[in-house]
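The first residue in the sequence is number 1, and the count goes up from there. Computed from a predicted structure; not experimentally measured.
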Amino acid sequence: QVQLVESGGGSVQAGGSLRLNCTASGYTYCIGWYRHAPGKEREGVAVIFRSDSFQTYAASVKGRFTISQDNAKNTMYLQMNSLKPEDTAMYYCAADSGGLGCRLDRRVYDYWGQGTQVTVSS
């Protein structure tokens with residue numbers, strides 16, 4: 001059983017930055033960040049392979065967002081820079097505990113956090 005706790009969301013003006021945190025209670029092969037905006041499908045944003053920190057990003061955030069991890073704290077981060085109003089969404093941390101593959105495919109992830117809201121105003 002894995003528990004995920006997100007934090008770090010909030011409100012910011014366009015062009016600003018936020019850092020999201022995800023602390024996991026157990027071992028995971030891969031951690032992903034997803035977001036869900038009203039009226040849109042849940043979108044994979046970034047994933048990180050826990051063993052070698054290999055990262056994958058959605059095209060919409062590449063160059064602006066950075067996913068990282070602190071293994072000692074079992075915590076993963078999503079640094080979000082140059083935020084845009086279209087980044088406004090509920091952001092979720094997700095864990096793959098079964099080693100199904102570290103990619104932007106929500107079917108891989110079997111544990112999800114409760115979400116943290118990010119609001120970007122223009």
Taking only residues at least two apart or on different chains, which pairs with a member in residues 93-104 satisfy salt bridge (charged side-chain N to carboxylate O under 4.0 Å, His left out)?
Arg103-Asp105
So how far is it from Ile31 CD1 to Leu78 CG, rounded to the nearest 0.5 Å?
12.0 Å
Just wondering, do Leu20 and Tyr77 contact through their side chains at under 4.5 Å, heavy atoms?
no
For Val2 and Ala95, the nearest pair of non-hydrogen atoms, with its separation, is CG1-CB, 4.3 Å
Under 3.5 Å, sequence neighbours excluded: what are the donor-acceptor pairs made by side chains of residues 11-19?
residue, atom, partner, partner atom, Å
Ser17, OG, Asn81, OD1, 2.9
Arg19, NE, Asn21, OD1, 3.3

Please, which pairs that meet disulfide bond (SG atoms under 2.5 Å apart) have at least one residue in residues 25-83, sequence neighbours excluded?
Cys30-Cys102
For Thr116 and Gly9, indicate whether the former's side chain and the latter's backbone hold a donor-acceptor pair under 3.5 Å.
yes
Tell me, please, which residues at least two apart from Gln114 pass side-chain hydrogen bond (donor to acceptor under 3.5 Å, both in side chains).
Glu6
Disulfide bond (SG atoms under 2.5 Å apart) pairs, two or more places apart, involving residues 61-96
Cys22-Cys93
Residues in ring pair (Phe, Tyr, Trp, His ring centres under 6.0 Å) with Phe54, at least two apart?
none
Using a cut-off of 6.0 Å, state whether more than 12 heavy atoms not belonging to Gln3 lie near its atom CD.
no
Would you give the length of the straight line joining atom OH of Tyr91 to atom CE of Met80, rounded to the nearest 0.5 angstrom?
5.5 Å
Salt bridge (charged side-chain N to carboxylate O under 4.0 Å, His left out) partners of residues 39-62, not counting sequence neighbours, each pair once
Arg35-Glu43
Which pair of heavy atoms, one from Gly44 and one from Ala58, lies closest together, and at what distance?
O-CB, 3.3 Å
Shortest non-hydrogen separation from Asp110 to Ser97 and the atoms involved:
OD2-OG, 2.6 Å
Give the intermediate values and the outcome of side-chain contact (heavy atoms from CB on, under 4.5 Å) for residues Phe65 and Leu83.
CA-CA 9 Å; Phe65 291 10; Leu83 283 161; 3.9 Å; yes
Contacts of Ser53 that satisfy side-chain hydrogen bond (donor to acceptor under 3.5 Å, both in side chains) - sequence neighbours left out
Gln69
Looking at CG of Asn74 and OG1 of Thr28, how far apart are the two atoms once the value is rounded to the nearest 0.5 Å?
6.0 Å
Filter on ring pair (Phe, Tyr, Trp, His ring centres under 6.0 Å), then keep only pairs touching residues 8-32, sequence neighbours left out; what's left?
Tyr27-Tyr29
Linking Ile, Leu, Val, Met, Phe, Trp and Tyr by side-chain heavy atoms under 4.5 Å, what else ends up with Tyr34?
Val47, Met90, Tyr92, Leu100, Leu104, Val108, Tyr109, Trp112
Quick one: side chain to side chain contact (heavy atoms under 4.5 Å, CB included) partners of Gln55, sequence neighbours excluded?
Ile48, Tyr57, Ile67
My understanding is that only residues two or more places apart in sequence, or in another chain, count here; which of them pass side chain to side chain contact (heavy atoms under 4.5 Å, CB included) with Thr23?
Thr75
What is the minimum heavy-atom distance between Ser122 and Pro85, and which atoms define it?
CB-CG, 3.9 Å
